[in-house]
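For reference, the structure discussed in these notes is given below.
Only heavy atoms go into these numbers, but all of them, side chains included; no hydrogens, no water, no symmetry mates.
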Amino acid sequence: MPRPRKRLAGSAEPAGPDNKGPAGKRTKTKNPVGASAQVVNSSPQKTSASKTCGKNLSSYWLMKSEAESRLEKGVDVKFSIEDLKAQPKQTACWDGVRNYQARNFLRAMKLEQEAFFYHSNCKEPGIAGLVKIVKEAYPDHTQFEKNNPHYDPSSKEDNPKWSMRSSILF
């Protein structure tokens, strides 16, 4: 069965009270559509700060996906939350990420962490749902497929450049 195509293009960034990345450094986010989201006290996950000051602070990842059709090398890379709902067990892999910062964020995601499913490049961009990380990062097979729009001839199977991971809708 062919896998659906999704594109994160620099978009798998942490979304939280201070927008800091995995190393605690403030990250720059490119937002071509001008939308933003902020989360405050909405998850049972607690940080060390919440233990000391009694606040329930949350951190979520932001997983961008293109909700409307867009051709890339002749292939439609559209993938919306409706497409995720239609997947078996409402689970899909996030392949085709070709931005180093987004790749590093994908690799930093841990099992059971939560992420906002964000629709970008559409008439009404914004958060469309919540997903959970269900598989650790692993090599993105599309980088080796010559007929795939995400093919990268400089990536080698013994040392892959690109990663993907799986998420489930909840």
message: P160: which residues meet the side chain to side chain contact (heavy atoms under 4.5 Å, CB included) condition with it, sequence neighbours left out?
response: P139, Q143, F144, S155

message: Tell me if the aromatic rings of F105 and W61 count as close, with their centers under 6.0 Å from one another.
response: yes

task: Answer yes or no: is there a side-chain heavy-atom contact under 4.5 Å between E66 and C122?
output: no

field: Atom of I81, atom of A128 and distance for their closest heavy-atom approach
entry: CD1-O, 3.3 Å

message: So K64 and N121, do their side chains get closer than 4.5 Å, heavy atoms only?
response: no

- request: Check ring-ring contact (aromatic ring centres under 6.0 Å, His included) between Y100 and all other residues, then give those that pass, not counting sequence neighbours.
  value: W162

statement: The reported gap from CD in E114 to OG in S59 (rounded to nearest 0.5 angstrom) is 10.5 Å

- request: Please assess H119 against F79 for the test side-chain contact (heavy atoms from CB on, under 4.5 Å), listing each intermediate value before the final yes or no.
  value: CA-CA 9 Å; H119 281 173; F79 193 81; over 6 Å; no

- line: side chain to side chain donor-acceptor pair (under 3.5 Å) test vs D140 passes for just one of H150, R98, R103, namely R98

- prompt: How would you list, by chain and number, every residue that makes a salt bridge (Lys or Arg N to Asp or Glu O under 4.0 Å) with K156, sequence neighbours excluded?
  reply: none

query: Is there a side-chain contact between F117 and L130 (heavy atoms, below 4.5 Å)?
result: no

Side-chain touch S65/Y118, heavy atoms, less than 4.5 angstrom: no

- request: Sequence neighbours left out, what passes side chain to side chain contact (heavy atoms under 4.5 Å, CB included) with K110? Give chain and number order.
  value: Q113, E136

- request: Run the numbers on R70 and D76 for salt bridge (charged side-chain N to carboxylate O under 4.0 Å, His left out), then give the verdict.
  value: CA-CA 5 Å; R70 183 178 67 79; D76 191 355; over 6 Å; no

- prompt: Does I133 reach the side chain of E112, with side-chain heavy atoms less than 4.5 Å apart?
  reply: no

Let me check something: any side-chain donor-acceptor pairs from residues 163-170 under 3.5 Å, sequence neighbours excluded? List them with distances.
residue : atom : partner : partner atom : Å
S163    : OG   : R107    : NE           : 2.8
S163    : OG   : R107    : NH2          : 3.3
R165    : NE   : L106    : O            : 2.8
R165    : NH1  : K135    : O            : 2.4
R165    : NH2  : L106    : O            : 2.8
R165    : NH2  : M109    : O            : 2.8
S166    : OG   : Y138    : OH           : 3.1
S167    : OG   : W94     : NE1          : 2.9

Contact check, side chains of V75 and K73, non-hydrogen atoms, under 4.5 Å: no

Residue list, side chain to side chain donor-acceptor pair (under 3.5 Å) with S154, at least two apart or on another chain: D152, K161

- prompt: Are E68 and K123 close enough for a salt bridge, meaning some N to O gap below 4.0 Å?
  reply: no

task: Compare all side-chain heavy atoms of Y151 with those of T142 and state whether any distance is below 4.5 angstrom.
output: no

